[in-house]
Every structure is written in C-alpha cells, then in structure tokens.
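Step one of this worksheet: look at the structure below.
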Amino acid sequence: MKGNVAENQSSLYEQIGGEPAMSAAVELFYRKVLSDERISRFFEDVDMERQAAKQKAFLTMVCGGPSAYSGKDMRKGHAHLVKQGLNDTHFNAVAEHLGATLTELGVPTPLVEQVLKIAESARADVLNR
Amino acid sequence: MARVKHEGQWYGLDEGESVLDGLLRRGVAVPHSCRAGACQSCLMRAERGEVPAKAQVGLKETLKARGYFLACACQPDSELEVAGAGADLRVSARIASLERLSDSVLRVRLRPEGRFEYRAGQYVSLLRADGLARSYSLASQPHEDLLELHVRRISGGLMSGWLFDEAGPGEPVVLQGPAGDCFYVPGRPEQPLLLAGTGTGLAPLYGIARDALAQGHTGPIWLFHGAVDASGLYLVDELRALQSQYPQLQYRPCVLKGQERVGVWVGALDALIKEACPRPAGWRALLCGNPDLVLSLRKKLFLAGLSLKEIHADAFLPSTPPPQAGTGVTTSASDTSR
Ligand SMILES: Cc1cc2nc3c(=O)[nH]c(=O)nc-3n(C[C@H](O)[C@H](O)[C@H](O)COP(=O)(O)OP(=O)(O)OC[C@H]3O[C@@H](n4cnc5c(N)ncnc54)[C@H](O)[C@@H]3O)c2cc1C
Ligand code: FES
C-alpha cells in the first residue's frame, strides 16, 4: 500500500496539484464542513476569509505541502474547541469531508488514503490527548 | 511593556490594550467609532516601529506602504511612534443639503472642497468639527459634483441625531477615506450581480447599481432592499423608474412584516433571495447594512455556491464606546466622585 505511491519522486502535495489544487479544494471543503450540522458550530467564526485561510493551511499540511502548522500549534489552536466538546465523532466528520473533497476533485484513491493517514496522525494533537 | 509616542509624549499601554484605547484613556483625541477594525475612522500612521499585521487588515496597499494602520486593532509588541491621519487622507467639505427620503432616512449631500476620488459603493468617515467620527457609504457616483449619504436616525445617536436635528447647509465637516471594496468592477458584463442590503444599506447599492448600468453591464442585476416594514423603504419610485429604463435591473423591495402590496415582497430577505435566485453559483454578490444580516447572508451565499472572492460585504458596525468611558461619558459627572 505504502510503497506504490511513496515510490514516486514528487511529494504527495505536488502529485495532488500543489497550490492551485489547494485553492480549488479549500472552498469545496469549507462549504462541506460549514453545512454539516454535526460540526458547523465549531466553525462559527464570523471572519470567513480568515477561516478559509485556516482551512487552506490545514489542507496544505495534510497533503504534505509547505505548512506553518506544527503539532504544538494544532494543540493550541484546538484547545478552546476541546473545551466546547470537540471529540472523535467531529474529527471523523472532518476527515470524511476531506476525503470526499479530494475524491470530488479527481484525486486518485491511493493518494486520498495517504492524505487521510496524515490527517489521522494529527488526531491526538487536535483532540489534545 | 508596549508604549506609543504621540506628539512628543510617551503613553504606556496596558496588557492587550490597543493604541486607540490607550490614547483615549489618557485623554488624547483620536477619531473612532466601531473599535472593531471595520469603519477605518481610527486610521493612524506609524512613524517608527513595528505595526502588527492585524492592524492593517482591509487597508489599501498604498496606505499600508505608508505605514497607516487601524489604531483600534493595533496591539504593538514594543514601541511605536504614531501620528494622526494626515491631511493627504482628509478633505474638508460642507453640507450642501439635507433632505428627508423617509421618516427615518436623511439624504445628506456634501460638497468637498478639494479633490475626493472614490468608487461608487465605497464609504467615508465623516468627521464633525469636534472630532466625532462615523462611517457612511456613498450613494453618489464619482462624476457627480456632490457626495451623497443616506443616514438613518438612530435613537440617541450622536451623529445621526445631529444631522437630523441641528446641522444645516453650509456646516463644515471633514471627510476621510474612501475605504471598502464593495464596488463594481468592470470586465465581466454578463456576470449576474446580486445586490442586497437592509435599511441604509441601500445607499452603496444604489451607487453600485447605477455605476454598473452606466458601465454597460448586460447581465441581470438583482437589487434586494429589505426593511422591517414599509416605512423603512425609500427611493422606491426612483428605483422603479430605473428598472423600467433598464430591463436587466430587477429591483425587489422587501418587508419583513406588513400587508401584501403591489411590487413589495413580504418575508425574510434571505428566503426571498433564495426563491428569486435559487442557483447563484458563479455570480457576484455585494452586501451592505445590518451586520447580522450581512454576515449570515454571506454564509448562505457561500453555501449556495458563490466563491468567497465573489462576495463583498460591508457590515455597518455600530459605534462602541471605549471600556472605561462606558458609563462615565453618558451619565452626569456628579455620580461616583472618586
Ligand atoms: C462601513 C460602514 C458603513 C456605514 N454606512 C452607513 C450608511 O450609509 N448609513 C447609515 O445610516 N449608517 C451607516 N453606518 C453606520 C454609521 O457609521 C453609524 O454607526 C450610525 O449612523 C449611528 O451613529 P450615531 O452617531 O447616530 O449613533 P451612536 O451615537 O454611535 O449610537 C448610539 C447608540 O446606538 C447604538 N447603535 C448605533 N447604530 C446602531 C444600529 N444600527 N443598530 C443598533 N444600535 C445601534 C450604538 O451602539 C450606541 O449605543 C455605517 C457603518 C460602517 C462601519
Ligand atoms: S476601524 Fe478602528 S474604530 Fe473603527
């Protein structure tokens, strides 16, 4: 599983399409997240541009692109949400939208799976465990 | 500790305090209104020191390059030397006329006494002689001699009360700006436009619609004007006349409550927009007026498929008094003498 994509020279981020792909994905992804009643309350920030920028940084990170996120930032950035009840079900919902967004944009399944694996590795940080 | 120098004097800032609040607390007069980074009336210039990026959000590049920042959104890390907005950003003006458009809306026409360039739909800070500042959107078009504002009466409102009850033609004021990116950008004449606003949110939309038509926009232009009841609608005849002149203009005056009347839609603005424009993906939207409505409409339109880049919104945020001024300014000086 792991081998066949890792064989490729270019990074996962580049294979998915780099920055232009992230730009295309961010609105689609953010729209899905905002319209999902299970999780939309965690995205109530009225500053939608800023929210979208954060979504893009997140997408870039999980796709293995140049990102400013570190585990520490992830913890800090989500601590207030964990206090509001952020848990595994919410994390799963976001991961679901992430997969659906990439699939909708024509990203091949093995790459989507790899992205979801990276996202999964952030679970502990996001949920402050 | 962070501190600011203003006119030769240093002022220490409390933890997390903005430059605006710190200066106001010490009695320095700085024009301000929303204290939320939206109205741009608190514009200042940094002569030395590092301005946090957050304090320049929404400013034009030309202003950023000259060190301008919003004092209410500026919490510096160290030392900053600042000055008020320069004469280059301000122009004196005189009130040319005051005219009621409805019971609650006043048309204020101003004659600038110098060059004042803007795009239809932008807003300005209006400064009274004593420094009171409020932002108003421009309803006029740049080629017109006079600037036009639509001011709604706010109960107990300082600026609107003054304009309605005391100000007269000839009164001197100062304008600062313009600001905002709610304006028509030519280049895609066939792209449908969705203009929506409540109350005096019509002011910029009135300017934008006429600008788009004058620039030859051919695609549909939907103009929704929402009010609580019929008394909140204004310029109805003018807009109907414009609609009969330009078939691409769809003017929709809407009221939340009231009798069904010819040509006035009854219902919630967002529901009416959804009904009239069910598939707005690929459109451009310009939204102005009541902050709650503007922000919720923006979200709904984004979810309906509009790109964030295609939604421009100016929320008419009200003024917010500085924390320590809270009660002291409005109540009499005699209480709690400490
Ligand atoms: C970008 C921008 C553009 C604007 N354009 C326009 C415009 O074109 N026309 C226009 O009429 N106004 C516009 N406004 C609002 C305007 O700047 C003033 O806030 C408004 O005129 C009230 O000022 P005032 O001095 O009369 O009342 P204030 O003395 O500031 O307010 C008195 C009290 O009423 C509250 N208050 C003020 N406004 C409201 C409100 N709308 N709803 C509920 N409470 C309120 C205040 O918080 C305060 O407690 C705009 C604001 C912004 C930020
Ligand atoms: S932007 Fe600073 S007071 Fe409004």
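Predicted, not measured: the structure shown is a model, and the values here were computed from it. Here is how names work: the chains are called A, B, and so on, in the same order as the sequence lines, proteins then strands, and each is numbered from 1.
By the 6.0 Å contact criterion, CD on A/Gln84 is enclosed, its count of non-hydrogen atoms from other residues, nucleotides or ligands being greater than 12. Enclosure of atom CZ in B/Arg152 is not indicated, since only 12 or fewer non-hydrogen atoms of other residues, nucleotides or ligands lie within 6.0 angstrom. Within a 6.0 Å radius of NZ in B/Lys60, more than 12 heavy atoms belonging to other residues, nucleotides or ligands are found. Within a 6.0 Å sphere centred on CD of B/Glu275, other residues, nucleotides and ligands contribute 12 heavy atoms or fewer.
Against chain A, the residues from residues 299-308 of chain B that qualify, each with a non-hydrogen atom under 4.5 angstrom away, are B/Lys299, B/Phe302, B/Leu303, B/Gly305, B/Leu306, B/Ser307, B/Leu308 in number order. Scanning residues 120-129 of chain A against chain B with a 4.5 Å heavy-atom cutoff picks out nothing at all.
With respect to the salt-bridge test (charged N to carboxylate O, under 4.0 angstrom), the residues A/Glu49 and B/Lys309 do not qualify.
Separating the CD1 atom in B/Ile311 from the CE atom in A/Met48 is a distance of 6.0 Å, to the nearest 0.5 Å.
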